[in-house]
Amino acid sequence: MDQNHLLADSRGIPWKLPRDAAHFRSYTRGKWLLLGRKTFAEMHGWFDASHTPLVLSSSCGWHPDIGCVVASVPQALAMGEAAAVPEIVCCGGAQTYAAALPYADRMVLTMIEHVYPADTGAVYFPKWNPSEWQTLSESSL
Ligand SMILES: NC(=O)c1ccc[n+]([C@@H]2O[C@H](COP(=O)([O-])OP(=O)(O)OC[C@H]3O[C@@H](n4cnc5c(N)ncnc54)[C@H](OP(=O)(O)O)[C@@H]3O)[C@@H](O)[C@H]2O)c1
């Protein structure tokens, strides 16, 4: 996200940061991922056999070519628990981060030291209460 917590606008994500992309790929490798239907569609072709995407959607009558559809964050967590999965990584977008944040116990954030111009289709990371969170580590990419 940028300094205004911008995630994307109607043109998509406004930055291309190879080191952050590599960090994202490395952190998510082999994991169960929770993605909103829109982000899942945008990331089509990105997943590999190590990923298990859970696609958050209110319509359950379709089947993604990889992973499965979930109707809620608690459903995704219950599936992860039943499969003894140690972590489910929420990968956005904005609506999905907002739905997942109340259940999250760790945030892995890339904060970009820049403000990007955004159009009316802008979406933002949800607000969080810093007093409820502890910084465990920080690094520059
Ligand atoms: N900068 C970043 O790191 C980053 C990361 C990820 C995504 N993005 C950007 O974020 C944008 C998409 O974000 P978005 O917020 O518009 O969409 P999104 O969260 O990717 O997907 C929204 C869809 O997810 C489903 N959904 C969301 N919350 C739900 C809930 N509580 N229960 C059931 N279904 C739910 C709905 O699907 P149905 O309509 O099927 O019900 C909804 O239309 C894209 O532009 C993408 O590029 C940026």
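Every number for a ligand or one of its atoms is a count from 1 in the order of the listing.
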Would [X] count as a polar contact of ligand 1, with the cut-off being nitrogen or oxygen pairs under 3.5 Å?
X   : answer
D9  : no
Y97 : no
S58 : yes
A99 : no
E42 : yes
A8  : no
G93 : yes

Got more than 12 heavy atoms from elsewhere within 6.0 Å of [atom1], [X]?
X    : atom1 : answer
E87  : CD    : yes
D105 : CG    : no
R19  : CZ    : no

Hey, does [Y] have a side-chain heavy atom less than 4.5 Å from the side chain of [X]?
X   : Y    : value
M79 : C68  : yes
C91 : F40  : no
M1  : M111 : yes
I88 : Y103 : no

[atom] - nearest protein heavy atom and its distance:
atom                    : value
atom 37 (O) of ligand 1 : R37 NE, 3.5 Å
atom 14 (P) of ligand 1 : A94 N, 3.8 Å
atom 15 (O) of ligand 1 : Q95 N, 2.8 Å
atom 1 (N) of ligand 1  : L7 O, 2.9 Å
atom 30 (C) of ligand 1 : L56 CD2, 3.8 Å
atom 6 (C) of ligand 1  : C91 O, 3.1 Å
atom 32 (N) of ligand 1 : A71 O, 3.6 Å
atom 20 (O) of ligand 1 : T39 OG1, 2.6 Å

* To do: Would you confirm whether S57, through its side chain, and S59, through its main-chain N or O, come within 3.5 Å as a donor-acceptor pair?
  => yes
* Quick one: sort the W46 and H51 rings into parallel, tilted or perpendicular, breaks at 30° and 60°. => parallel
* If you measure from each heavy atom of G12 to ligand 1, is any distance below 4.0 Å? -> no
* To do: Check H23 against V108 and note the closest heavy-atom contact, atom names and distance.
  => NE2-CG1, 3.8 Å
* Asked: Can you name the nearest heavy-atom pair linking I13 to L7, along with the distance?
  -> CG1-O, 3.6 Å
* Asked: Nearest heavy atom to atom 17 (O) of ligand 1: which of K38, Q75, R11 does it belong to?
  -> K38
* To do: Kindly compute the distance separating CG (L56) from OG (S72), expressed to the nearest 0.5 Å.
  => 7.5 Å
With a heavy-atom distance limit of 4.0 Å, tell me whether [X] approaches ligand 1 through its side chain, its backbone, both, or neither.
X    : value
W15  : side chain
A98  : neither
V123 : side chain

